[in-house]
Amino acid sequence: MTQTTIAVLVGSIRSDSVNRKLAEVLRDQAADDVSIQIIDGLGEVPFYNQDVDNATDLPAAAARLREQVAGADRVLAVTPEYNGRMPAVLSNAIDWLSRPYGAGALVGKPFGVIGATPTPYGGKWAHADAVRSAGIAGATVVEDVTVSQSALEVDVLTDPEVLARLGRAVQVLAEYDRESAAA
Ligand SMILES: Cc1cc2nc3c(=O)[nH]c(=O)nc-3n(C[C@H](O)[C@H](O)[C@H](O)COP(=O)(O)O)c2cc1C
């Protein structure tokens, strides 16, 4: 069986993160031919700095992030929203993944973003922000895989409808076919 690997960037590094737990639930319920790999350690990746973005000085955490994403078939951000945009930890990861210019680990990778916040909007500005930024960094944004889930009146970690909707988004990303999408 050929497996499609999805690297997941979680936009919250707090220990009790709903979005982190959501990523874990989606990993555990994914189809057998979809391998979801949550990338740990985003909080240890230093702020992007061009001075150290070279073969000699590249921080180990940034190198690891690049390798993990380069080795995946797809990239999914699972993120809350901070002050109407994506959290800095996710923005920083995208910056590292956007370089070298034109050849970063995100270039040409099908990319989606989902997440939940306890507001009626579910983090939609953060998700639009991540889509715009990843697209500029060279990712192939899969528009159908942008799901902003309100966690106001529902437990997103257990609600069957929410998990089915988010699970479908993961499946669409896994099955995304560049060639037929371009035709
Ligand atoms: C600094 C900060 C800014 C926030 N700004 C927003 C916001 O603009 N929109 C929103 O929907 N929620 C906002 N929130 C609430 C988060 O969505 C909420 O805390 C969420 O549970 C965080 O996700 P997590 O559980 O995965 O850590 C903010 C929270 C923090 C700490």
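All ligand and atom numbering here is 1-based and tracks the order in the structure.
Within the 4.5 Å cutoff, no side-chain heavy atoms of Leu90 are placed close to those of Asp129.
Considering only non-hydrogen protein atoms, atom 11 (O) of ligand 1 sits nearest to Thr117 OG1, 2.8 Å. Ranking the protein heavy atoms by distance from atom 1 (C) of ligand 1 puts Asn83 ND2, 3.9 Å first. At the top of the distance list for atom 31 (C) of ligand 1, counting protein heavy atoms only, stands Tyr82 CE2, 3.9 Å. Atom 23 (O) of ligand 1 has its closest protein heavy atom at Pro80 CB, 3.2 Å. Counting only heavy atoms of the protein, atom 26 (O) of ligand 1 lies nearest to Ser17 OG, 2.6 Å.
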Start with the C-alpha gap between Arg85 and Glu81, add the side-chain angles, then the distance that decides, and say whether salt bridge (charged side-chain N to carboxylate O under 4.0 Å, His left out) holds. CA-CA 6 Å; Arg85 50 153 175 70; Glu81 179 171 274; over 6 Å; no
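The closest donor-acceptor contact from the side chain of Ser12 to the backbone of Ser17 lies at 3.5 Å or more, if one exists at all. Between the side chain of Arg74 and the backbone N or O of Ala174 there is at least one donor-acceptor pair closer than 3.5 Å. Proximity of a side-chain donor or acceptor of Lys109 to a complementary backbone N or O of Ala70 within less than 3.5 Å is detected.
Taking only nitrogen or oxygen atoms, main chain and side chain alike, Asp16 does not reach within less than 3.5 Å of ligand 1. Note: an N/O pair closer than 3.5 Å links Val18 and ligand 1 by distance alone.
By the 4.0 Å N-to-carboxylate-O rule, Arg20 lies close enough to Asp40 to be salt-bridged with it. Salt bridge status for Asp53 with Arg66: present, with a side-chain N to carboxylate O gap under 4.0 Å.
What you find for Leu157 and Leu163 is that their closest heavy atoms are O-CD1, 3.5 Å.
The distance from ligand 1 to the heavy atoms of Asn19 drops below 4.0 Å at these ligand atoms: 23 (O), 24 (P), 26 (O). When each atom of ligand 1 is checked for a heavy atom of Gly84 under 4.0 Å away, the hits are 7 (C), 8 (O). Which parts of ligand 1 touch Ser12 is read off a 4.0 Å heavy-atom cut-off, strictly below it: atoms 24 (P), 26 (O), 27 (O). For ligand 1, the atoms closer than 4.0 angstrom to any heavy atom of Pro118 are 17 (O), 18 (C), 20 (C), 21 (O).
With Lys21, Arg20, Arg85, Glu81 as candidates, the residue nearest to atom 14 (N) of ligand 1 on a non-hydrogen basis is Glu81.
Atom 19 (O) of ligand 1 lies below 4.0 Å from none of the non-hydrogen atoms of the protein.
Between the CG atom of Leu9 and the CG atom of Leu97 there is a distance of 6.5 Å, given to the nearest 0.5 Å.
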